[in-house]
J.: 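Before we start, here is the structure in question, set down as structure tokens.
As the structure is a prediction and not an experimental result, all values here were calculated from the model.
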Amino acid sequence: MISTFVLTLLLIIGLIFFIKGSTKDRIEEMEYQATEKVEPLLEQLQSHLQERAYNLVKVEPEQLKLTFQGHVRPSWFMAVFLTLLATTGLSCMGLVLSQLNIGNNFNVLILALLSPLAGLFYWRGSDRIENVMVSVDPGQNIKIVGHRDELSLIRKIISN
């Protein structure tokens, strides 16, 4: 029974790190060597980002640098998913504790009632402002810094 407790404890530790990782910034950098003129590509990037609700907030013409800012909203699906995962993990821990006769037989219910905190933690941590910075160096290299998901969409646009 102690081995079950240890395995369930490891499950809870993994669950905590998974929930904590759900709010992590996933900022990456992408470089692209322009083979054509840069201006049409920059206009295409600007229109794409504005369609995705990013606003141009800063232009540095002497350095050819644009900064876009957008509000990232949390996902209802992810909040519910994390709450269900927490409910499952905490219920398992409660069942193991009740089998070990630690505390009372209501451990399952008490621990399961804590699970909405996981969704709340995700909701508060994921509601943020994100930046996408686009800069062009004299060698026509375009450097884009932003969220990993946004960069994957930009890669598709640039490759077309």
Side-chain angles (χ1 to χ4, degrees), residues 7-94 109-160:
L7 288 174
T8 308
L9 187 61
L10 289 174
L11 171 129
I12 294 297
I13 291 169
L15 179 64
I16 289 169
F17 281 106
F18 184 77
I19 291 169
K20 187 176 182 248
S22 69
T23 61
K24 179 183 170 194
D25 282 339
R26 288 166 177 81
I27 304 298
E28 290 184 1
E29 183 177 309
M30 177 180 90
E31 288 195 26
Y32 176 74
Q33 175 65 41
T35 56
E36 304 169 5
K37 290 189 174 188
V38 176
E39 289 81 16
L41 187 58
L42 288 177
E43 289 174 8
Q44 188 179 13
L45 284 173
Q46 183 173 354
S47 67
H48 165 74
L49 289 170
Q50 287 176 339
E51 285 174 8
R52 304 255 314 141
Y54 282 86
N55 297 318
L56 183 61
V57 293
K58 190 175 182 184
V59 178
E60 298 174 31
E62 64 277 351
Q63 298 170 344
L64 287 173
K65 189 174 185 180
L66 305 172
T67 303
F68 296 89
Q69 199 172 66
H71 181 245
V72 177
R73 291 178 181 84
S75 163
W76 277 103
F77 172 77
M78 191 67 166
V80 170
F81 178 68
L82 289 173
T83 301
L84 290 175
L85 279 179
T87 302
T88 304
L90 292 172
S91 296
C92 289
M93 181 55 93
L109 296 175
I110 292 169
L111 286 176
L113 290 175
L114 296 175
S115 61
L117 293 177
L120 183 64
F121 175 79
Y122 164 76
W123 196 263
R124 287 192 177 174
S126 293
D127 190 21
R128 63 180 170 265
I129 301 293
E130 285 194 357
N131 293 324
V132 175
M133 291 174 276
V134 180
S135 60
V136 181
D137 68 7
Q140 300 296 311
N141 287 325
I142 300 173
K143 181 176 155 184
I144 306 170
V145 178
H147 190 272
R148 174 177 63 190
D149 296 337
E150 198 61 51
L151 291 184
S152 67
L153 291 173
I154 290 173
R155 271 189 199 97
K156 290 178 185 176
I157 288 174
I158 290 176
S159 65
N160 289 339

J.: Decide if atom CZ of Arg124 counts as having more than 12 heavy atoms of other residues, nucleotides or ligands within a radius under 6.0 Å.
T.: no
J.: Test side-chain contact (heavy atoms from CB on, under 4.5 Å) on Leu49 and Glu150 and set out the steps.
T.: CA-CA 9 Å; Leu49 289 170; Glu150 198 61 51; 3.9 Å; yes
J.: Could you report the tightest heavy-atom contact between Pro116 and Thr83, atom names first, then the distance?
T.: CA-CG2, 3.9 Å
J.: Salt bridge between Glu130 and Arg128, side-chain N to carboxylate O under 4.0 Å?
T.: yes
J.: Just by distance, no angles: are the side chains of His147 and Asp25 close enough, under 3.5 Å, to form a donor-acceptor pair?
T.: no
J.: Write down the atom of Thr87, the atom of Ser115, and the distance for their closest heavy-atom approach.
T.: OG1-OG, 2.7 Å
J.: If I take atom CG from residue Leu111 and atom CD1 from residue Ile12, how far apart are they, to the nearest 0.5 angstrom?
T.: 7.5 Å
J.: Would you check, one step at a time, whether the test side-chain contact (heavy atoms from CB on, under 4.5 Å) holds for Phe68 with Val134?
T.: CA-CA 8 Å; Phe68 296 89; Val134 180; 4.2 Å; yes
J.: State the CD1-OH distance between Ile129 and Tyr54, to the nearest 0.5 angstrom.
T.: 10.0 Å
J.: So which atom in Ile19 and which in Ala118 form the shortest heavy-atom distance, rounded to 0.1 Å?
T.: CD1-CB, 3.5 Å
J.: Run His71 and Asp127 through side-chain contact (heavy atoms from CB on, under 4.5 Å) and show every step you take.
T.: CA-CA 8 Å; His71 181 245; Asp127 190 21; 2.6 Å; yes
J.: Considering only heavy atoms from C-beta outward, does the side chain of Gln69 approach that of Asn55 to under 4.5 Å?
T.: no
J.: Can you give me the closest heavy-atom contact between Phe121 and Lys20, atom names plus distance?
T.: CE2-CA, 3.8 Å
J.: Could you label the plane-to-plane angle of the Phe18 and Phe81 rings as parallel, tilted or perpendicular, counting under 30° as parallel and over 60° as perpendicular?
T.: perpendicular
J.: For a 4.5 angstrom cut-off between non-hydrogen side-chain atoms, does Asp149 reach Arg26?
T.: no
J.: Go through it in stages, so that I can follow the logic: the residues are Gln46 and Leu56, the test is side-chain contact (heavy atoms from CB on, under 4.5 Å), and I'd like the CA-CA distance, side-chain angles, deciding distance and then a yes or no.
T.: CA-CA 8 Å; Gln46 183 173 354; Leu56 183 61; 3.7 Å; yes
J.: Donor-acceptor check, side chain of Ser126 to backbone of Trp123, threshold 3.5 angstrom: yes or no?
T.: no
J.: For Tyr122 versus Ser22, what's the shortest heavy-atom pair and its separation?
T.: CD1-OG, 3.5 Å
J.: What distance separates Tyr32 OH from Ile154 CD1, expressed to the nearest 0.5 Å?
T.: 12.5 Å
J.: At what distance, to the nearest 0.5 angstrom, does NZ of Lys58 lie from CG of Asn131?
T.: 9.5 Å
J.: Looking only at heavy atoms, what is the nearest atom pair of Val145 and Glu29, with distance?
T.: CG2-CG, 3.9 Å
J.: Are the side chains of Leu113 and Ile110 in contact, using a 4.5 Å heavy-atom criterion?
T.: no
J.: Taking atom CG of Leu66 and atom CD1 of Ile144, what is their separation to the nearest 0.5 Å?
T.: 10.0 Å
